[in-house]
> 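This is the structure I have questions about; it appears just below.
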Amino acid sequence: MDKFIIQKSSLKGEIKIGGSKNASLPIMAATLLTDEECRISGVPGLVDVRTMIKILEVLGKDIDFDKGVLTIKSKNKRNYVTPYRLVRTMRASFCVLGPLLARRKKAKVSLPGGCVIGVRPVNLHIKGLKELGAKITIQEGYCIAEAKRLRGKHIFLGGPFGSSVLATANVLMAAVLAKGETIIEYAACEPEISDLALFLKRMGARIEGEGTPLIRVKGVSSLGGADFKVIADRIEAGTFIAVSLATHSNLIISGANPFHLTSVIEVARKMGANIEYKDSKIYVRPKRVLNPVNITTLPYPGFPTDLQAQFMVCLCLAGGLSLVTEKIYPDRFMHVAELNRMGAHIQRSGPYAIIEGRRKLFGAEVMASDLRASAALVAAGLVAEGKTEILRIYHIDRGYERLEDKLKVLGAKIKREEQ
Ligand code: EPU
């Protein structure tokens, strides 16, 4: 297991954003809907992508992954079982359920269980697929789904925390091969869902309304192969905006779509950053003392929960009190205790965190708990006095490709060592 050793750094320069993890994973799962070859480019070389490759291989795909390009062919299409040993390492594995069911009429996928950011149920996935006509049972920790032919339906997919990204992906992937019309109401509007819909359309699916809460699908009898490039990772881009603000560094973030980051740019501007964008480059120039702000995480186009931890680091340094309200995962605050160990003053109560700004952070040995919390600790380490050691950084490798190399190019003092 590796760790990062980080010293206070001032950064400068341009950073190129990679392809989106959360767009790549469901798009990879969607290749189960066809036996024809698919070519997906711009895919980041992450641990989670490699896990999805292993899952697709178990399910009978033959995969080549070279320089961000996945070539996915079919070799044996009989298997429909996705084992616990793979699903437990990555919850997104559950989104093979919809395409397996639609194409192979049967799916047995391990239930993912809880994780460090909360309970994370899958009831909406199951509800949506049942409404399309699947017979679903839970046996020995597995979700077993069967249907001779799914049938289109008007489905309300909202839950207590609003829309669900991967439930929308699962139901959408099942609906494209269902008989008749499906309407998904309260669909997730995230750009990753729009990207999935574009890929499915490239395969021959008939979909309208992606990117809005009402998606309309007209089922087709089969889908073909497709050649596709995934969108840039808005969360990686937003993480670099947070790093820029925390370290008072002028950064140019290239390759990301600023229109996928409107709520984030709005918050950064309120904090006093000057942000402009032109020709797929985002120019971030933060001011010396950041303004405190209140942030509420919400489904897209609201402020993403996946950037809450990274922006909390900036709020620790701002000139006053800030309030963070976590409306997607009320328990996603594992970073709070670690930031407090570095000198932050954050009080958490339920889904709220009150952050007292004007703090100086100090290096410490800290523990990475989940992907985004780990990225927050990296940002904190870059601004803290002295040395920060971040243990268990395998979480970072799940979602950030060569993070330390990208930061080094900007002048960061960061190195990876064996723990
Ligand atoms: N929810 C339910 N029932 C369900 C599904 C979800 O109540 O059946 C609840 C969740 O507990 C949560 C809310 O709905 O309160 C939204 O969760 P969602 O289902 O949208 O999350 P997800 O699809 O499992 C994706 C991302 C997460 C990201 C969330 C929210 C992928 C692979 N994962 O998860 O990304 O935090 O959407 O935007 O796309 C990450 O990249 O670090 C990460 C955790």
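Basis for what follows: all heavy atoms, side chains included, without hydrogens, waters or symmetry-related copies. Ligands are counted one by one from 1 in listed order, and the atoms in each one are counted from 1 as well.
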> Drop me the distance from Y80's OH to L97's CG, to the nearest 0.5 angstrom.
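Going from the OH atom of Y80 to the CG atom of L97 covers 13.0 Å.
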
> With backbone taken as N, CA, C and O and side chain as the heavy atoms from C-beta onward, which portion of Y300 lies under 4.0 Å from ligand 1: side chain, backbone, both, or neither?
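It is neither part, as no heavy atom is under 4.0 Å.
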
> Quick check on R120 - does any of its heavy atoms sit under 4.0 Å from an atom of ligand 1?
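Checking ligand 1 against R120, which is what was asked, there is a heavy-atom contact under 4.0 Å.
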
> For atom 11 (O) of ligand 1, what's the nearest protein heavy atom and its distance?
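Minimum-distance protein heavy atom for atom 11 (O) of ligand 1 reads P121 CD, 3.3 Å.
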
> Answer yes or no: does an N/O atom from E190 fall short of 3.5 Å to an N/O atom of ligand 1?
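No - when backbone and side-chain N and O of E190 are compared with those of ligand 1, no distance drops under 3.5 Å.
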
> Does the residue R372 have a heavy-atom contact with ligand 1, meaning some pair of atoms that are separated by less than 4.0 Å?
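Yes, R372 has heavy atoms under 4.0 Å from ligand 1.
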
> Give the minimum heavy-atom separation between I17 and A237, together with the two atoms involved.
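Looking at all heavy atoms of both residues, the closest pair is CD1-CA, 3.7 Å.
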
> Looking only at heavy atoms, is any part of Q308 under 4.0 Å from ligand 1, and if so is it the side chain, the backbone, or both, or is it neither?
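It is neither part, as no heavy atom is under 4.0 Å.
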
> Determine, considering heavy atoms only, which of N22, L196, N123 sits nearest to atom 32 (C) of ligand 1.
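Heavy atom nearest to atom 32 (C) of ligand 1 belongs to N22.
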
> Indicate, as side chain, backbone, both or neither, the part of D306 found under 4.0 angstrom from ligand 1 when only non-hydrogen atoms are considered.
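Side chain only.
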
> With a heavy-atom distance limit of 4.0 Å, tell me whether T305 approaches ligand 1 through its side chain, its backbone, both, or neither.
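Only the side chain of T305 comes within reach of ligand 1.
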
> For ligand 1, does S163 get within less than 4.0 Å through its side chain, its backbone, both, or neither, judged by non-hydrogen atoms?
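Looking at S163 and ligand 1, just backbone atoms fall under 4.0 Å.
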
> How far apart are the C-alpha atoms of I5 and I414, what are their side-chain angles, what is the distance that settles it, and do they pass the side-chain contact (heavy atoms from CB on, under 4.5 Å) test?
CA-CA 6 Å; I5 299 178; I414 177 168; over 6 Å; no

> Would you mind checking which non-hydrogen protein atom is closest to atom 10 (C) of ligand 1, with the distance to 0.1 Å?
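Minimum-distance protein heavy atom for atom 10 (C) of ligand 1 reads Y329 CE2, 4.0 Å.
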
> Could you tell me whether ligand 1 has any atom less than 4.0 Å away from a heavy atom of M90?
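Flag not set, M90 not near ligand 1.
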
> side-chain contact (heavy atoms from CB on, under 4.5 Å), that's the test. Do E356 and L321 meet it? Break it down for me.
CA-CA 5 Å; E356 228 178 77; L321 271 186; 3.8 Å; yes

> Quick check on A167 - does any of its heavy atoms sit under 4.0 Å from an atom of ligand 1?
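Heavy atoms of A167 never come under 4.0 Å of ligand 1.
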
> Atom NZ of residue position K54 - does it have more than 12 heavy atoms of other residues, nucleotides or ligands inside 6.0 Å?
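For K54, atom NZ is not crowded (no more than 12 foreign heavy atoms under 6.0 Å).
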
> Can you check side-chain contact (heavy atoms from CB on, under 4.5 Å) on L11 and V243, steps first, answer last?
CA-CA 9 Å; L11 313 181; V243 165; 3.5 Å; yes

> Within the supplied structure, the quantity of interest is the number of heavy atoms (other residues, nucleotides, ligands) at a distance under 6.0 Å from F156 CZ; does it exceed 12?
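Counting other residues, nucleotides and ligands, CZ of F156 exceeds 12 neighbours.
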
> Just need the protein heavy atom nearest to atom 25 (C) of ligand 1, so name the residue and atom and give the distance.
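Closest protein heavy atom to atom 25 (C) of ligand 1: V165 CB, 4.0 Å.
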
> So if I count the atoms of ligand 1 from 1 in the order they appear, which ones are less than 4.0 Å from some heavy atom of R332?
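This gives 36 (O), 42 (O), 44 (C) as the contact atoms.
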
> For atom 23 (O) of ligand 1, what's the nearest protein heavy atom and its distance?
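That would be L166 N, 2.8 Å.
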
> When you compare ligand 1 with F161, is there at least one nitrogen or oxygen pair between them that comes in under 3.5 angstrom?
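No: no nitrogen or oxygen of F161 is under 3.5 Å from one in ligand 1.
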
> May I ask whether A92 places a heavy atom under 4.0 Å from ligand 1?
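A92 counts as a contact of ligand 1 under the 4.0 Å cut-off.
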
> Taking side-chain hydrogen bond (donor to acceptor under 3.5 Å, both in side chains) as the cut-off, I'd like each qualifying pair that reaches into residues 297-314, sequence neighbours left out, listed once.
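Checked against side-chain hydrogen bond (donor to acceptor under 3.5 Å, both in side chains) - neighbours excluded - the pairs reaching residues 297-314 are T239-Q310, T297-E326, T305-E326, T305-R332, D306-R332, Q308-E326, Q308-H335, Q310-Y400.
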
> Taking NZ, NE, NH1 and NH2 as the nitrogens, is one of them in E57 or K75 under 4.0 Å from a carboxylate oxygen of the other?
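Salt bridge: no.
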
> Could you find the nearest protein heavy atom to atom 19 (O) of ligand 1 and give me its residue, atom name and distance?
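Result for atom 19 (O) of ligand 1: S164 OG, 2.5 Å.
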
> Taking both backbone and side-chain atoms of L371, is any N or O found less than 3.5 Å from an N or O belonging to ligand 1?
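No, there is no polar N/O contact under 3.5 Å.
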
> Report the part of L124 (side chain from C-beta onward, or backbone N, CA, C, O) that has a heavy atom under 4.0 Å from ligand 1; answer both or neither where that applies.
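Both backbone and side chain.
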
> Decide yes or no for L339 and L377: does some side-chain heavy atom of the first lie under 4.5 Å from some side-chain heavy atom of the second?
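Yes, their side chains come closer than 4.5 Å.
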
> Is K201 salt-bridged to E210, cutoff N-O under 4.0 Å?
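A salt bridge links K201 with E210.
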
> Answer with side chain, backbone, both or neither: which part of K21 has a heavy atom less than 4.0 angstrom from an atom of ligand 1?
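Just the side chain.
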
> Does M52 have a heavy atom less than 4.0 Å from any atom of ligand 1?
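It does not; every heavy atom stays at 4.0 Å or beyond.
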
> Please confirm whether P160 comes within less than 3.5 Å of ligand 1 when only nitrogen or oxygen atoms on both sides are compared.
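So ligand 1 has no N or O lying under 3.5 Å from an N or O of P160.
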
> Test the K108-Y142 pair against the cation-pi criterion, namely NZ or CZ under 6.0 angstrom from the six-membered ring centroid and within 45° of the ring axis.
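Yes, a cation-pi geometry holds between K108 and Y142.
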
> What protein heavy atom is closest to atom 15 (O) of ligand 1, reported as residue, atom name and distance in Å?
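Here the nearest protein heavy atom works out to I328 O, 2.5 Å.
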
> With a 4.0 Å cut-off on N to O distance, would you call E389 and K387 a salt bridge?
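Yes, E389 and K387 are salt-bridged.
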
> Mind listing the closest non-hydrogen atom pair of V378 and I6 along with its distance?
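It is CA-CD1, 3.9 Å.
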
> Using a 4.0 Å cutoff against the non-hydrogen atoms of H125, which atoms of ligand 1 qualify?
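Once the distances to H125 are compared, the set is 8 (O).
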
> Where do F240 and E236 land on the side-chain contact (heavy atoms from CB on, under 4.5 Å) test, with the steps shown first?
CA-CA 6 Å; F240 278 101; E236 187 191 12; 3.9 Å; yes

> Would you say R91 has any N or O atom under 3.5 Å from an N or O of ligand 1, going by distance alone?
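N/O-N/O distance below 3.5 Å does not exist for this pair.
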
> Taking all heavy atoms of L129 and all of A174, pick out the closest pair and write down the distance.
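Minimum heavy-atom separation between L129 and A174: CD2-CB, 3.5 Å.
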
